Amino acid sequence: MLDAVLAIVRPIVECNRIQIDNGRTYLREMVFGDPEEPRHGAALAIVAQTEEAVAAVLRRDERVAEGDAANWHTSCPP
């Protein structure tokens, strides 16, 4: 399970480690940017797809309840 989650997030982390300033700007715009801006919506869609991909991996583990898999990102520490 951990390997599958890492396979999802590793490219994101690696890109942000290489493109530090771009990554910070992109993330800031995702959080605080104008929701009417078309690219803002596209960025949020990517986040939703990533969250769903991680939830799908968690659902494959019988030890993880459906509600916990669906809401994994809300229980992460800030």
Side-chain angles (χ1 to χ4, degrees):
M1 177 172 58
L2 179 59
D3 288 339
V5 171
L6 288 175
I8 294 167
V9 299
R10 182 175 286 120
I12 299 165
V13 172
E14 288 175 352
C15 181
N16 280 308
R17 285 184 175 167
I18 294 168
Q19 302 285 335
I20 295 170
D21 289 335
N22 287 344
R24 285 181 187 152
T25 300
Y26 189 80
L27 294 172
R28 185 174 43 252
E29 286 300 314
M30 284 175 50
V31 174
F32 302 110
D34 179 0
E36 301 300 319
E37 214 301 306
R39 290 190 178 122
H40 184 86
L44 295 179
I46 292 168
V47 171
Q49 292 167 0
T50 304
E51 289 175 350
E52 180 51 39
V54 171
V57 168
L58 296 176
R59 282 189 207 102
R60 294 190 308 219
D61 189 320
E62 62 190 35
R63 298 171 296 174
V64 179
E66 172 60 32
D68 293 338
N71 297 310
W72 68 268
H73 60 283
T74 61
S75 62
C76 296

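These numbers were taken from a predicted model, which means no experiment stands behind them.
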What's the separation between atom CD in E29 and atom CD in E37, rounded to the nearest 0.5 Å?
8.0 Å

Quick check: do V54 and E51 have side-chain heavy atoms less than 4.5 Å from each other?
no

Do you know which two heavy atoms are closest between R17 and I20, and how far apart they sit?
O-CG1, 3.3 Å

Find the distance between CD1 (I8) and CG (D3) and round it off to the nearest 0.5 Å.
11.5 Å

Indicate if V9 and M1 have the same hydrophobic cluster label, given that clusters are the connected sets of ILVMFWY residues with side-chain heavy-atom separations under 4.5 angstrom.
yes

Please round to the nearest 0.5 Å and tell me the distance separating atom CD1 of I46 and atom CD of Q49.
6.5 Å

Identify whether L2 and V57 are in the same connected component of the hydrophobic contact network (ILVMFWY, side-chain heavy atoms under 4.5 Å).
yes

Are H40 and D34 packed together at the side-chain level, in the sense that at least one heavy-atom pair is separated by less than 4.5 angstrom?
no

Indicate, with yes or no, if V13 and V47 share a hydrophobic cluster defined by side-chain heavy-atom contacts under 4.5 Å among Ile, Leu, Val, Met, Phe, Trp and Tyr.
no

